[in-house]
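Just below is one structure, and these are the notes that go with it.
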Amino acid sequence: MILAAAQTQPKRGNIEANLVDHYRLITLAAEKGAQLIVFPEMSITGYERENAAKLAFSKKDSRLDHLRKLSVEHNIIIVAGAPIQINEQLFIGEFIIAPDHSIKIYTKQFLHQGEDEFFQASLDHNPMILIDNQKISFAICADIDNPLHPENAGKKDTSIYIASIFFSPNGVPNAYRDLQNYAQKYKMNILMSNFSGVSWGHPSGGKSAFWNNKGELVA
């Protein structure tokens, strides 16, 4: 199985330009034989709080149409993040777009301080998917700071734990430490995708990475 982590620098609020960058990276990953590509937290809009409501997506949003087309054409699962509106509530979420034309939604379960002024946390949208009989679970940013999140994934016999994050340079060492420990403790392969450059006026730490289920840093 080949998995890809896209390390992007979204243009704040410029959805069209960010989607074009998604298309480029999806095509590149597919050319390398990837079966799944994951983007960082709120990759389509860039990280937002105050402007999130006006940038929000829905499950049937027509702006996802070309991502769906690429998923089918390249036989690749696409995990892309955005503010997502569900039943009048706003979530930090991600779309899991599959070649079978399905779209699943994962919503962030644990919010950073200040995010709760704009977003809801939810445990209701927590899908697992299968690739080659491997169970895959998802996490967004602060989810990985709460040990309950990977513990719950481990209880579901997760084989691959995929984290989309926006961590600063100072935060990346903590992410590395925690994800390595989770990989080893729960015997999960872990793929992390982080921003590069500046988003929401803050620097990001990059260093997207993959750990095997022994906790060894592979890439």
Side-chain angles (χ1 to χ4, degrees), residues 3-8 10 36-43 46-49 77 79-84 91-96 104-116 118-129 134-196 199-200 202-219:
L3 307 174
Q7 184 166 293
T8 59
L36 179 148
I37 181 170
V38 58
F39 289 84
E41 180 179 28
M42 285 196 268
S43 58
Y47 183 86
E48 292 287 349
R49 292 186 186 180
I77 294 170
V79 185
I84 300 177
F91 301 92
I92 297 174
E94 58 193 14
F95 295 104
I96 302 157
K104 295 180 172 66
I105 290 174
Y106 173 84
T107 55
K108 193 172 183 177
Q109 298 181 4
F110 300 98
L111 300 177
H112 282 296
Q113 184 178 4
E115 289 180 342
D116 55 357
F118 304 94
F119 302 100
Q120 299 291 320
S122 175
L123 303 176
D124 295 335
H125 308 278
N126 186 20
M128 293 186 78
I129 64 170
Q134 302 287 302
K135 292 183 178 179
I136 299 176
S137 293
F138 300 91
I140 297 177
C141 207
D143 288 339
I144 70 173
D145 290 334
N146 191 316
L148 283 175
H149 195 279
E151 180 182 337
N152 288 335
K155 288 177 179 178
K156 294 180 179 180
D157 296 324
T158 295
S159 303
I160 302 167
Y161 183 78
I162 293 181
S164 300
I165 70 172
F166 172 27
F167 269 43
S168 70
N170 289 337
V172 167
N174 291 337
Y176 267 49
R177 177 199 64 209
D178 291 342
L179 292 174
Q180 182 178 32
N181 288 338
Y182 300 152
Q184 190 171 31
K185 183 174 183 179
Y186 301 112
K187 296 179 172 56
M188 302 186 295
N189 299 286
I190 295 181
L191 181 65
M192 180 195 90
S193 172
N194 193 17
F195 282 145
S196 61
S199 193
W200 200 56
H202 296 275
S204 62
K207 296 189 176 179
S208 300
F210 179 81
W211 293 262
N212 66 21
N213 58 13
K214 298 176 182 177
E216 297 166 339
L217 181 63
V218 174

If you look at every heavy atom in [X] and [Y], which pair is closest and at what distance?
X	Y	answer
Leu191	Ala5	CD1-CB, 3.9 Å
Ile37	Ala6	CD1-CB, 4.1 Å
Pro203	Pro169	O-CD, 3.7 Å
Leu111	Ala142	C-CB, 4.2 Å
Met188	Pro150	CE-O, 4.1 Å
Ser137	Met128	OG-CE, 3.5 Å

Residues Lys108, His125; criterion side-chain contact (heavy atoms from CB on, under 4.5 Å); working and verdict
CA-CA 9 Å; Lys108 193 172 183 177; His125 308 278; over 6 Å; no
To the nearest 0.5 Å, what is the distance between [atom1] on [X] and [atom2] on [Y]?
X	Y	atom1	atom2	answer
Ile140	Phe110	CD1	CZ	12.5 Å
Asn212	Leu217	CG	CG	9.0 Å
Ile92	Ser122	CD1	OG	12.5 Å
Phe210	Ile162	CZ	CD1	9.0 Å

Pairs involving residues 207-219, ordered by first then second residue, that meet salt bridge (Lys or Arg N to Asp or Glu O under 4.0 Å) (sequence neighbours left out):
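Salt bridge (Lys or Arg N to Asp or Glu O under 4.0 Å) check on residues 207-219 returns no pairs.
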Any pair with a residue in residues 157-185 that passes salt bridge (Lys or Arg N to Asp or Glu O under 4.0 Å), sequence neighbours left out, goes on the list, sorted by first then second residue, please.
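Of all non-adjacent pairs touching residues 157-185, none passes salt bridge (Lys or Arg N to Asp or Glu O under 4.0 Å).
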Check whether [X] reaches the backbone of [Y] with its side chain - one donor and one acceptor, N or O, closer than 3.5 Å.
X	Y	value
Asn189	Ile160	no
Gln180	Gly215	yes
Ser168	Gly205	no
Ser164	Glu41	no
Tyr182	Ile144	yes

Determine, stepwise, if the pair Ile165 / Met192 fulfils side-chain contact (heavy atoms from CB on, under 4.5 Å).
CA-CA 7 Å; Ile165 70 172; Met192 180 195 90; 3.5 Å; yes
May I have the step-by-step check of ring-ring contact (aromatic ring centres under 6.0 Å, His included) for His149 and Phe138, ending in yes or no?
CA-CA 10 Å; His149 195 279; Phe138 300 91; over 10 Å; no
Contact check, side chains of [X] and [Y], non-hydrogen atoms, under 4.5 Å:
X	Y	answer
Arg49	Phe119	yes
Met42	Pro83	yes
Thr158	Tyr186	no
Asp145	His112	yes
Tyr106	Ile84	no

From the options Ser204, Ser193, Ser196, Ser208, select the one residue that forms a side-chain hydrogen bond (donor to acceptor under 3.5 Å, both in side chains) with Gln7.
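Only one option passes, and that is Ser208.
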List the steps, then state whether ring-ring contact (aromatic ring centres under 6.0 Å, His included) holds for Phe195 with Phe166.
CA-CA 6 Å; Phe195 282 145; Phe166 172 27; 5.1 Å; yes
Any chance you could lay out the side-chain contact (heavy atoms from CB on, under 4.5 Å) test for Tyr161 and Asn213, step after step, and finish with the verdict?
CA-CA 10 Å; Tyr161 183 78; Asn213 58 13; over 6 Å; no
Under the side-chain contact (heavy atoms from CB on, under 4.5 Å) rule, what do Leu36 and Ile129 come out as? Steps first, then yes or no, please.
CA-CA 11 Å; Leu36 179 148; Ile129 64 170; 4.1 Å; yes
Run the side chain to side chain contact (heavy atoms under 4.5 Å, CB included) test against Ala183 and tell me which residues pass, sequence neighbours left out.
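Residues passing side chain to side chain contact (heavy atoms under 4.5 Å, CB included) with Ala183: Ile190, Trp211.
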For the side chain to side chain contact (heavy atoms under 4.5 Å, CB included) test, which of Ile77, Val79, Leu3 pairs with Val38?
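The side chain to side chain contact (heavy atoms under 4.5 Å, CB included) with Val38 is passed solely by Val79 among Ile77, Val79, Leu3.
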